[in-house]
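Chain naming here is simple, since letters A, B, ... match the order of the sequence lines and numbering starts at 1 in each.
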There are 2 protein chains.
Amino acid sequence: MGIHRKTSSLNTLLKEFNNDISAITVVDLVSRLGDKMNKTTIYRILNKLEEDSILHSFFGKNGLKWYAKCDGCCNSKPESILNKFRPHFQCLSCGKIDRLNIEMKLPKVTDQKVSVSQLLIQGRCESCN
Amino acid sequence: MGIHRKTSSLNTLLKEFNNDISAITVVDLVSRLGDKMNKTTIYRILNKLEEDSILHSFFGKNGLKWYAKCDGCCNSKPESILNKFRPHFQCLSCGKIDRLNIEMKLPKVTDQKVSVSQLLIQGRCESCN
DNA sequence: AAATTAATGCAACTCAGTTGCAAAAATAAG
DNA sequence: CTTATTTTTGCAACTGAGTTGCATTAATTT
């Protein structure tokens, strides 16, 4: 278990993910919450929330780390076999990432044990067209 | 067009991708070729090769940039609609990334124009089990 | 062979993410 | 409620992948 104590920093951070359905950059979180808590704290809490499978993360276009709320799309136990995942879409022009409202099935092709899977689709979003 | 001139640095770099079917980290390339050419050169050539759709890149587990040979899985023209992609598998234990030998179809769900798509499946590979 | 343009090396830089340590806050024990 | 224990936080310094500017060198054009 990653999270042990309920602190105000934790609550503040969690709120950001309730307000927003799309994914958020750590950099963005730091600039939004940087005056309320230290950036190290933000990084550490995000780490723990991912350990607990409350959030999941991936790296977008420029190597920036993105976090999104996790709802069954990944599993903390590496032994489990996942077979579904949700694609994210990143606009290469404005950089924004949203989760698409589809559930995809993972191909049953690997002998490997799968714990996370992420499909990042990149292109140009509607508003940038 | 990214690449304009045939230089020995370019050839040396391209050889690395002929020798290896799996994806390679830039960091790895720098440590392999760092005595033959400057790391800046490596970064710049990789950039150009991606512009020309000869290589494509994505970010793995620790935010490291990976490159792999591109064969129709991405397109330099952002206007085109892609409908297939190839998943990569990264072992969370040893970090290695290989391309899986399947071709997947992209869900026809977005109004957006798609230029790149990458599915990164993560778990434990056979040799780490 | 000379002129042009692109590629390279080098050194210094940027900035996302990390680490160690002391102080503060949260929970547990008495 | 008070004290002891353990986790969390802030701060400052650090790490390292990736970038930038500029002078030099190499490839291509004329």
Report yes if some heavy atom in the side chain of [X] is under 4.5 Å from a heavy atom in the side chain of [Y]; otherwise report no.
{"X": "Ile121(B)", "Y": "Gln90(B)", "value": "no"}
{"X": "Lys69(A)", "Y": "Leu55(A)", "value": "yes"}
{"X": "Met104(B)", "Y": "Pro87(B)", "value": "yes"}

#### Entry: Passing candidate, side chain to side chain contact (heavy atoms under 4.5 Å, CB included) with Tyr67(B), options Ile24(B), Ile54(B), Leu46(B), Leu49(B)
Leu46(B)
Between [atom2] on [N] and [atom1] on [X], what's the gap in Å once rounded to a whole number?
{"X": "Asn47(A)", "N": "dT18(C)", "atom1": "CG", "atom2": "C1'", "result": "10 Å"}
{"X": "Phe59(A)", "N": "dG18(D)", "atom1": "CZ", "atom2": "C1'", "result": "14 Å"}
{"X": "Leu10(B)", "N": "dA26(D)", "atom1": "CG", "atom2": "P", "result": "17 Å"}
{"X": "Ile3(A)", "N": "dA25(C)", "atom1": "CD1", "atom2": "P", "result": "18 Å"}
{"X": "Leu64(A)", "N": "dA16(C)", "atom1": "CG", "atom2": "P", "result": "7 Å"}
{"X": "Glu50(B)", "N": "dG18(D)", "atom1": "CD", "atom2": "C1'", "result": "14 Å"}
{"X": "Leu29(B)", "N": "dG18(D)", "atom1": "CG", "atom2": "C1'", "result": "14 Å"}
{"X": "Asn11(B)", "N": "dT8(C)", "atom1": "CG", "atom2": "C1'", "result": "15 Å"}

#### Entry: Cationic N near anionic O, under 4.0 Å, Lys48(A) to Asp52(A)
no
Please tabulate, one pair per line, each protein N/O and nucleotide N/O from nucleotides 26-30 of chain C that are separated by under 3.5 Å, including the distance.
{"residue": "dA26(C)", "atom": "N3", "partner": "Arg5(A)", "partner atom": "NH1", "Å": "2.7"}
{"residue": "dT27(C)", "atom": "OP1", "partner": "Lys6(A)", "partner atom": "N", "Å": "3.2"}

### Task
Could you list who else is in Val27(B)'s hydrophobic cluster, with ILVMFWY side chains joined at under 4.5 Å, directly or through other members?
Phe58(B), Leu64(B), Trp66(B), Ile97(B), Leu120(B)
Give every pair of a protein N or O atom and an N or O atom of nucleotides 10-12 of chain D that lie under 3.5 Å apart, one pair per line with the distance.
{"residue": "dG10(D)", "atom": "OP2", "partner": "Asn38(A)", "partner atom": "N", "Å": "2.8"}
{"residue": "dG10(D)", "atom": "OP2", "partner": "Thr41(A)", "partner atom": "OG1", "Å": "2.4"}
{"residue": "dG10(D)", "atom": "N7", "partner": "Arg44(A)", "partner atom": "NH2", "Å": "3.1"}
{"residue": "dG10(D)", "atom": "O6", "partner": "Arg44(A)", "partner atom": "NH2", "Å": "2.9"}

#### Entry: Pairwise distance OG(Ser31(B)) to CD1(Ile42(B)) - rounded to 0.5 angstrom
9.0 Å
## Note on the structure
Heavy-atom closest pair (Ser57(A) atom, Lys65(A) atom, distance to 0.1 Å) is OG-CE, 3.4 Å
### Task
Report which part of the nucleic acid Val30(A) touches: base, sugar-phosphate, or nothing (heavy-atom distance under 4.0 Å, all strands).
nothing
### Message
Are Tyr43(B) and Phe59(B) linked, directly or through intermediate hydrophobic residues, by side-chain heavy-atom contacts shorter than 4.5 Å (ILVMFWY only)?
### Response
no
### Task
Could you tell me whether the phosphate oxygens of dG18(D), OP1 or OP2, come under 4.0 Å of any side-chain nitrogen or oxygen in Tyr43(B)?
yes
